[in-house]
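From a predicted model like this one, the values you see are computed outputs, not experimental measurements.
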Amino acid sequence: MFYLSLIEHKMLLPPRLLNLPLQDAIKEELQNIFLDKVISKLGLCISIYDIRKIDGGFISPGEGASTYTVEFRMIVFRPFVGEIISAKLKESTADGLHLSLGFFDDINIPAGLIQKPSRHVPDPENRYKVLWVWEFNGEEFFVDGIDEIRFKVISVTYPPTPIEQQGEPFAPMVIIGSIDGDGLGPVSWWQ
């Protein structure tokens, strides 16, 4: 789920940071550049772990900022296919479930990957939403958002950045999951 990735990056260090020790100034600028951003095929950048090497320090004429090549390690979030993760319900629609880890919200469980047989019923508290119900041995089990939901990662995709954004905000990394299996779904189903 979390990886330590080695990255080499050429960066400009703004003059406003030159009053700090070099290592601290570079770390602050790297955090501004990378944290909470998704790098395609790498994952969501969580934290700068350490700085391994700093080269350069050249100031280009007319710039005022110094240029450095920095080798550093960063903690990234990138779940692997088949991994089991627990998340909270963000939204329940006729298309499926949308889950959140708190720091990452683009997790979708399509209707076809919910425990079978299941169906959705109108949510009595919100007429624009639905509740998913799994029927098992004559009992009904609801996905109501009270418990954490355990899901299996089916795919992790990095959609291409759209030229023009329309409608919903763009998600640079999307996780598709499944709760169709033993031990998956709200944790209370299995206690």
Check whether any side-chain heavy atom of I33 sits under 4.5 Å from a side-chain heavy atom of H9, and report yes or no.
-> yes

Is it the case that one hydrophobic cluster holds both V76 and I51, taking links as side-chain heavy atoms less than 4.5 Å apart, direct or via other members?
-> yes

Please determine if R119 and E140 form a salt bridge, counting it only when a charged side-chain N lies under 4.0 Å from a carboxylate O.
-> yes

Do you know which two heavy atoms are closest between P14 and A65, and how far apart they sit?
-> CA-CB, 4.3 Å

Under 3.5 Å donor-acceptor, W190 side chain and L184 backbone = yes

Over 60° means perpendicular and under 30° means parallel, so classify the ring planes of F141 and W134, tilted if in between.
-> tilted

Is there side-chain contact between L42 and R78, with at least one heavy-atom pair below 4.5 Å?
-> yes

How many angstroms lie between OG in S178 and CG in N108, if you round to the nearest 0.5 Å?
-> 13.0 Å

Determine the minimum heavy-atom distance between I114 and L97, stating which atoms define it.
-> CD1-CG, 4.0 Å

Kindly indicate, with the supporting measurements, whether the criterion side-chain contact (heavy atoms from CB on, under 4.5 Å) is fulfilled by I75 and L4.
-> CA-CA 5 Å; I75 299 170; L4 199 55; 3.8 Å; yes

Do you reckon Y3 sits in the same ILVMFWY cluster as M1, going by side-chain contacts under 4.5 Å, direct or chained?
-> no

Do F72 and R52 touch side chain to side chain, with heavy atoms closer than 4.5 Å?
-> no

Separation of M173 CE from F77 CZ (nearest 0.5 Å) | 5.0 Å

Nearest heavy-atom contact between Q115 and I179 is CG-O, 3.0 Å

Identify the residue among D105, I109, T93, I107 that makes a side-chain contact (heavy atoms from CB on, under 4.5 Å) with H98.
-> T93

Any donor-acceptor pair under 3.5 Å from E148 side chain to P186 backbone = no

Check whether any side-chain heavy atom of W132 sits under 4.5 Å from a side-chain heavy atom of S92, and report yes or no.
-> yes

Assess whether side-chain contact (heavy atoms from CB on, under 4.5 Å) is satisfied between D180 and S118, documenting all intermediate values.
-> CA-CA 10 Å; D180 188 10; S118 61; over 6 Å; no

Give, for atom CG of D106 and atom CZ of F170, the distance between the pair rounded to the nearest 0.5 Å.
-> 9.5 Å

CD1 of I84 to CZ of R150, rounded to nearest 0.5 Å, is 8.5 Å

Are L20 and L18 connected in a single hydrophobic cluster, I mean Ile/Leu/Val/Met/Phe/Trp/Tyr linked by side-chain heavy atoms less than 4.5 Å apart?
-> yes

Least distance between heavy atoms, I54 atom then Q23 atom | CD1-OE1, 4.0 Å

Closest non-hydrogen atom pair between Y158 and I39, with its separation = CE2-O, 3.9 Å

F2 atom CZ: more than 12 heavy-atom contacts under 6.0 Å = yes

Within a strict 4.5 Å, meaning less than it, do heavy atoms of the I85 and L99 side chains meet?
-> no

Is it the case that more than 12 heavy atoms not belonging to K10 sit under 6.0 Å from its NZ atom?
-> no

Indicate yes or no: at least one non-hydrogen side-chain atom of I176 is less than 4.5 angstrom from one of T157.
-> no

K53 atom NZ, over 12 foreign heavy atoms within 6.0 Å = no

Work out which heavy atom in P159 is nearest to a heavy atom in V174; give both atom names and the distance.
-> CG-CG2, 4.2 Å

Would you find more than 12 non-hydrogen atoms of other residues, nucleotides or ligands less than 6.0 Å from D36 atom CG?
-> no

When rounded to the nearest 0.5 angstrom, what distance separates CD1 in I48 from CD in E28?
-> 12.0 Å

Are F103 and L89 grouped together when hydrophobic residues (ILVMFWY) are joined by side-chain heavy atoms under 4.5 angstrom apart?
-> yes

4.5 Å side-chain heavy-atom contact, F151 and L113 = no

Cluster check L6, L35: I/L/V/M/F/W/Y, side chain < 4.5 angstrom | no

Does a sphere of radius 6.0 Å around CG in D50 hold more than 12 heavy atoms from other residues, nucleotides or ligands, not counting ones at 6.0 Å or beyond?
-> yes

Going from CG on L101 to CD1 on I175, what distance comes out if it is rounded to the nearest 0.5 angstrom?
-> 6.5 Å

Check step by step if side-chain contact (heavy atoms from CB on, under 4.5 Å) holds for V143 and W189.
-> CA-CA 9 Å; V143 179; W189 289 1; 3.5 Å; yes

Near F58 CZ, under 6.0 Å, is it more than 12 heavy atoms from other residues, nucleotides or ligands?
-> no

Hey, are the side chains of L30 and M74 touching, using non-hydrogen atoms and a 4.5 Å cut-off?
-> no

Apply side-chain contact (heavy atoms from CB on, under 4.5 Å) to the pair L22 and L13, showing each step before the final yes or no.
-> CA-CA 9 Å; L22 183 60; L13 188 62; 4.0 Å; yes

Are any of the side-chain nitrogens in R16 or E29 under 4.0 Å away from the carboxylate oxygens of its partner?
-> yes

